[in-house]
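Down below is the structure, laid out as structure tokens.
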Protein chains: 4
Amino acid sequence: MQQERRPLGRPRQDHKGKPTKNIILDVATRLFLEQGYQVVSMDDVAKKCGVTKATVYYYYKTKADLFTDAMVQMMIRIRKRIFDILSADKPLKERLLEFAKAHLQATVGIDIKGFMKEAKNSLSSEQLQQMKETEDKMYEVLEQALINAMEKGEIPKSHPQLGAHSFVALLTVGNYKDADQHPIFPSLDEMAKQIVDFYWNGLGN
Amino acid sequence: MQQERRPLGRPRQDHKGKPTKNIILDVATRLFLEQGYQVVSMDDVAKKCGVTKATVYYYYKTKADLFTDAMVQMMIRIRKRIFDILSADKPLKERLLEFAKAHLQATVGIDIKGFMKEAKNSLSSEQLQQMKETEDKMYEVLEQALINAMEKGEIPKSHPQLGAHSFVALLTVGNYKDADQHPIFPSLDEMAKQIVDFYWNGLGN
Amino acid sequence: MQQERRPLGRPRQDHKGKPTKNIILDVATRLFLEQGYQVVSMDDVAKKCGVTKATVYYYYKTKADLFTDAMVQMMIRIRKRIFDILSADKPLKERLLEFAKAHLQATVGIDIKGFMKEAKNSLSSEQLQQMKETEDKMYEVLEQALINAMEKGEIPKSHPQLGAHSFVALLTVGNYKDADQHPIFPSLDEMAKQIVDFYWNGLGN
Amino acid sequence: MQQERRPLGRPRQDHKGKPTKNIILDVATRLFLEQGYQVVSMDDVAKKCGVTKATVYYYYKTKADLFTDAMVQMMIRIRKRIFDILSADKPLKERLLEFAKAHLQATVGIDIKGFMKEAKNSLSSEQLQQMKETEDKMYEVLEQALINAMEKGEIPKSHPQLGAHSFVALLTVGNYKDADQHPIFPSLDEMAKQIVDFYWNGLGN
DNA sequence: GATGAATGAGGCTTCATTCAT
DNA sequence: CATGAATGAAGCCTCATTCAT
């Protein structure tokens, strides 16, 4: 239950102690996020884990299963982190700023839509459904925070679902780099601040 | 060893009007947008075109070439459409609304970032660069419209690049559907209006 | 999308004795020698082995790998046989005669030069180097026998490397057949004798 | 992408006045000798000639035809050169030395045996026969020179066919390079001299 | 003469998946 | 638990060849 606290810096290759199934899931998550569903092969996962393909299949019946589990678990973890950040006893704007910073620091941009399009032909409808539902729950956390803020009069009443999705959509702007690899703002903090300011205006404040 | 005679060669000119190369490019564009780079096979493209794989390779030396050309040409077309819409002699907000409607009507969400991540290991750096540059030019059209509006005092001065990317990012919200396949707003027009309103506030108006 | 169930997987152990990898290597060696690198396809090899292409790739990552291993192992075997023949306690000329007979009986003419030219664009430089070195070691065995004979005064002192290569070159004459399929001498033994006599003179005896 | 750009400024090989068919044959000969039958494609030949594949097919009905013609014409040219060299009014040994030098200077080692093995599955039996016959005629020139020398008492009487083939076989030693790319003798002239000396002894002189 | 367009066949390689051990 | 061995399917790409123009 207790999520291990990640020290700052890179996650290392060091799979000591962890049960094999967890190693596989972690490695798979990272690979899928970095390269996409199709490009990552079961053998890639196995090799990075230091086991054989057959072992991966021992834990996950199909690649689609592994992918679904990886994405779902990841979204659950993200939801928890979002929840923690948004539960702090601070003004909403400050909480959103922290949310933005955390999201932009994550090396991977979580583009569920993109992943779903790529995998849509390979996943069963149950699996797609399961991912969709987990994704929805992620957004609900943010929605709820907006609803609470509206009820407390911290922000004007408006469509909370639109608000939640807009915020996450705006965050993707932070990952943009132009043809010369320059991001829109040089520092992550500046980027986060600008996005939140823009968003805050958009909410009607 | 005897060679068998086979009925090969150029079939009688089958003039349906469009040159084969264009057919291929159009079909490929559609398939790539719908399913992503990896999932679409050269054979898929060929079959949908009613030609053989070899014919596709006659016009495009590699799958990466076909993909790059498809994406670049598409972005050029989109840029033209954006330019036309934004060149109208109307208040900016109305032009943006039209932009939004047009974009949401297009069956495809143009998620260049997602495509690039998926294809990044398959494309040459020249190809990636070419796509990036074309993408930048797309955004520049919107940026320029924002700059003009700022100079005319139609909107407050702010970071036009951020503004351009934010707008496009917000549009993606329009494609969202929840686990029950419900979009955030039932009608496209309503969706577009809400997004533009939100955006308009974000610009500081 | 539903995956179909297929009856794949490891078939019941079909122990004919030789491990599959050895079968593949042996068959590949024979095919490459008979037909050359380019003409032999991985599928040819697989079919002659009674396995599928994928099985061949399970043991050899590329065709070039399979070829290199096949040629190297073969040259090592040949070197051993040459060594055995030349190690006998007999006059050099008799040993050379036996060498010649053995070589002419072998169905394959070992034309490393030819193989290398054909494969040179397909092999990595490491692979070419490995083959070259193994080839050199083959010749060294014959060189050493010549050096020993020179030291014992059995033949006049001369350039042993030239001597070794000349002998092998002369042996290729034995495989010549004219347009009517007639060899130069009707019997192998006669052919061998004539070549060795010619060679023996050439050495200056 | 546009790929026109044909009309002006093509830095192509300058095949001046020669008729197209000759250009094709010359280019094909060179390519086949350098790389072998299988590796050279009709398109390779066409491109090096500055024409299209269809043009090559206009002159040669099949690749096997082109190959056969190329090889046969080449062997005829070689036969002429051998004939010229061997017709000089000099002692046989000197003529052989010149033969050897000329052969070793030619960039390509003419290994008909190797070519035939590689092409054997692709050529018709008529084509194989034709090449064989032309090859035989090449050797006959040398045979005849040996016969004449025997009749003049310049060399002992022996089997002229064996003598001819042995000489050509020995010449291949001149092209050998070890794993470090060192030939047996550093200079071509020295190599030729050593080979001819060895051969001369072999003839029984 | 020469070419542009097209094709069927086939070659190399990868991959998800299976199953006996 | 874990793996080694195997496979069918499919994907990318090349090539000899053909034929209308």
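Counting any heavy atom pair closer than 4.0 Å across all strands shown, A/Val40 reaches sugar-phosphate atoms only and no base atom. Within the nucleic acid shown, A/Val45 has no heavy atom closer than 4.0 Å to any nucleic acid atom. Using a 4.0 Å heavy-atom distance criterion, C/Thr55 is classed as a base contact. Within 4.0 Å of D/Tyr60, counting heavy atoms only, lies no atom of the nucleic acid at all.
Partners of D/Lys132 according to the salt bridge (Lys or Arg N to Asp or Glu O under 4.0 Å) rule, which considers only residues two or more places apart in sequence or in another chain, are D/Glu135. For the ring pair (Phe, Tyr, Trp, His ring centres under 6.0 Å) test, no residue two or more places apart in sequence or in another chain qualifies with C/Tyr57. Take B/Lys120 and apply the salt bridge (Lys or Arg N to Asp or Glu O under 4.0 Å) test, not counting sequence neighbours, and it matches no residue. Looking at residues two or more places apart in sequence or on another chain, you find no salt bridge (Lys or Arg N to Asp or Glu O under 4.0 Å) involving B/Asp44. Not a single salt bridge (Lys or Arg N to Asp or Glu O under 4.0 Å) links A/Asp65 to another residue, sequence neighbours left out.
F/dC12 atom C1' lies 15 Å from atom CG of B/Leu123, rounded to whole Å. Between C/Lys18 atom NZ and F/dA5 atom P there is a gap of 17 Å when expressed in whole angstrom units. Rounded to a whole Å, the CD1 atom of B/Ile23 is 13 Å from the P atom of E/dA5. Rounded to an integer number of Å, the gap from B/Leu66 CG to F/dG11 P is 15 Å. Taking atom CG on C/Asp65 and atom C1' on E/dT14, their separation rounds to 15 Å, with Å as the unit. Distance, A/Lys21 NZ to F/dA2 C1': 15 Å, rounded to whole Å. Taking atom NZ on A/Lys63 and atom P on E/dT18, their separation rounds to 15 Å, with Å as the unit. When the C1' atom of E/dT7 is taken as reference, atom NZ of D/Lys53 falls 10 Å away, rounded to whole Å.
Here the closest non-hydrogen pair linking C/Ala119 and C/Phe67 is CB-CE2, 3.8 Å.
Pairs of Watson-Crick or G-U wobble type, with distances under 3.5 Å, assemble into runs of 3 or more in DNA chain E at these ranges: E:2-21 with F:2-21.
When each of C/Ser41 and C/Ala54 is assigned the nucleotide of DNA chain E with its nearest heavy atom, C/Ser41 is the one assigned upstream, toward the 5' end. When each of C/Tyr58 and B/Asp43 is assigned the nucleotide of DNA chain F with its nearest heavy atom, C/Tyr58 is the one assigned upstream, toward the 5' end. When each of D/Ala64 and B/Lys61 is assigned the nucleotide of DNA chain F with its nearest heavy atom, B/Lys61 is the one assigned upstream, toward the 5' end. Heavy-atom nearest nucleotides on DNA chain E were determined for C/Met42 and for B/Val56, and the one closer to the 5' end corresponds to B/Val56.
Of the candidate nucleotides F/dA2, E/dT13, F/dT17, F/dA2 has the atom lying nearest to any side-chain atom of A/Thr20. Here the nucleotide nearest the side chain of C/Tyr57, chosen from F/dC13, E/dC12, E/dT18, is E/dC12.
In this structure, SG on C/Cys49 lies 8.0 Å from CG on C/Leu31, to the nearest 0.5 angstrom.
Both tests hold for B/Lys21 against B/Tyr60: distance to the six-membered ring centre under 6.0 Å, angle to the ring axis within 45°.
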